[in-house]
Trainee: 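Handing you a structure now.
The chains referred to below are lettered A, B, ... by the order of the sequence lines, with proteins before strands, and numbering in each begins at 1.
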Number of protein chains: 2
Amino acid sequence: MTSKQNTQQKILDAAERLFAETGFSATSLRQITSMAEVNLASVNYHFGSKKELIQAVLQRYLSLLMPRLDQEFTRLLASQQHNDLSKVLTVFVIPLLELNKVQNRGTTLFLQLLGRGYTDVQGHLRWFFNHHYGRTLDKFVLLVQQSCPTLPASEIFWRLHFSLGTIVFTMASNEALKDIAAADFNEIVEIDGVIKRLIPYLAAGIAAPI
Amino acid sequence: MTSKQNTQQKILDAAERLFAETGFSATSLRQITSMAEVNLASVNYHFGSKKELIQAVLQRYLSLLMPRLDQEFTRLLASQQHNDLSKVLTVFVIPLLELNKVQNRGTTLFLQLLGRGYTDVQGHLRWFFNHHYGRTLDKFVLLVQQSCPTLPASEIFWRLHFSLGTIVFTMASNEALKDIAAADFNEIVEIDGVIKRLIPYLAAGIAAPI
DNA sequence: TCCAGATTCAAACGTACATTTCAAACACTT
DNA sequence: AAGTGTTTGAAATGTACGTTTGAATCTGGA
């Protein structure tokens, strides 16, 4: 029983790291199982298929993050005062950063995986995501709309997707960017630092005049 | 002789379309040659390998676009007047949109390919790009710095990468975004429309107060 | 201690891929 | 029209992949 848990955990740990680094389809089950030091067949035994493994890797983070976000969004929506955009974004970011507590480099890994999910695969991940967490995201969009009452909804739609691109791409090339920043500007930047830099950029972009 | 040109062209046309749609590694030479209606072996005969085909597909656009951009940047740098950020971005965008003249949907295809290049592959495309066109990009960075003289160089570095992420991600998921926009807002958006929406967003983000 | 169910293991299966090979077809010059 | 170099064609090669299989090995309760 404990060894089963151990094997599943080892597979998930290795898979999330490799998936984040090189993408879902470019990572083979053989790479995963050899890094996890388990048998090749154990992925199919414990998870059924590679597709289901991918979903399980994402679920580990999503099942923690999304209820937390939902709760924060609900709280903000209930408070009848005006929430400015920076505040909304900060409320979004805090639970994201807390993923670092549950797992080493958790925030970065999760965002990288999210990015892979958008660029790697065509169908099943986006469906999976919207189906499970569409309600929560709707609340976020509503909050942004309230904070920018002059912007039409379609403009907000586009700008939020632009912002998603910023976040996802930044995290996907996070390692390279950190190296360049260190070499060119003597800057040591961790994930918190990147996110702190992101917030004013995103807030200004989303709220930009048309 | 004419048939050789034809075969190469047919391969490039099919390849760029499939690469943009599903990524470089997810597209097989068999898909490409069957869409192009040429023999499987002709890719290796005309281009040497799949890797070289990828570079040839990108080169078709880059060899047009980058000298054009370089010329525009040089002109702006030479004119001793102040260039504000929107103008710099617009000068960047115009040659990009002109790719539509040389090929149907050229701009979209090129930007999608660029996005794939950043997310699909790890090494050789980024090297290829910086090695051939690093000088031109430096001029662009210089222009942005001149247009935002109060921003420290390191902040501009980060914000330009944020912006690159916005562009690349938006183009990579362009088809999906268009579909959602059409379904949710009855909006028909072409590439020009997306770029027009991007510019104020990017300009505001890059120039945001710290 | 022994047994049933859970887990691991090595091996194999079928499929898809990029690339190579070599003969056939072609195009162009003389 | 012949001959030469270029291009195409069909087939095969070797490799890597996800998945399946069935026996071996564990594990915890009777």
Trainee: Looking at A/Leu96, is its backbone amide N or carbonyl O close enough to the side chain of A/Thr107 to form a donor-acceptor pair, meaning the two atoms are under 3.5 Å apart?
Mentor: yes
Trainee: If you compare every side-chain N and O of B/Thr7 against the phosphate oxygens of D/dT8 (OP1, OP2), does one of them come in below 4.0 Å?
Mentor: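 Answer is yes, contact under 4.0 Å.
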Trainee: In whole Å, what is the span from the CG atom of A/Leu40 to the C1' atom of C/dA12?
Mentor: 12 Å
Trainee: So, B/Lys139 and B/Asp70, do they make that salt bridge, N to O below 4.0 Å?
Mentor: yes
Trainee: Which whole-number value in Å describes the distance from B/Ile11 CD1 to D/dT7 P?
Mentor: 12 Å
Trainee: Would A/Glu190 and A/Lys178 pass as an ion pair if we require N to O under 4.0 Å?
Mentor: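 A salt bridge links A/Glu190 with A/Lys178.
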Trainee: Can you tell me how far CZ of A/Phe162 sits from OG of B/Ser163, rounded to the nearest 0.5 angstrom?
Mentor: 11.5 Å
Trainee: Give the rounded distance in Å between these two atoms: NZ of B/Lys50 and P of C/dA18.
Mentor: 5 Å
Trainee: B/Leu29 has an atom CG; how far is it from atom P of D/dT13, in whole Å?
Mentor: 20 Å
Trainee: Looking at A/His46, I'd like to know whether one of its side-chain N or O atoms comes within less than 4.0 Å of OP1 or OP2 on C/dT8.
Mentor: yes
Trainee: Here's a test of your reading of the structure: between A/Ser28 and A/Tyr45, which maps to the more 5' nucleotide of DNA chain D?
Mentor: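 Comparing both residues, the 5'-ward one is A/Ser28.
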Trainee: So for A/Arg30 and D/dA16, does any side-chain atom that can act as donor or acceptor lie under 3.5 Å from a complementary atom in the base?
Mentor: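 It does not, because no donor-acceptor pair links the side chain of A/Arg30 to the base of D/dA16 below 3.5 Å.
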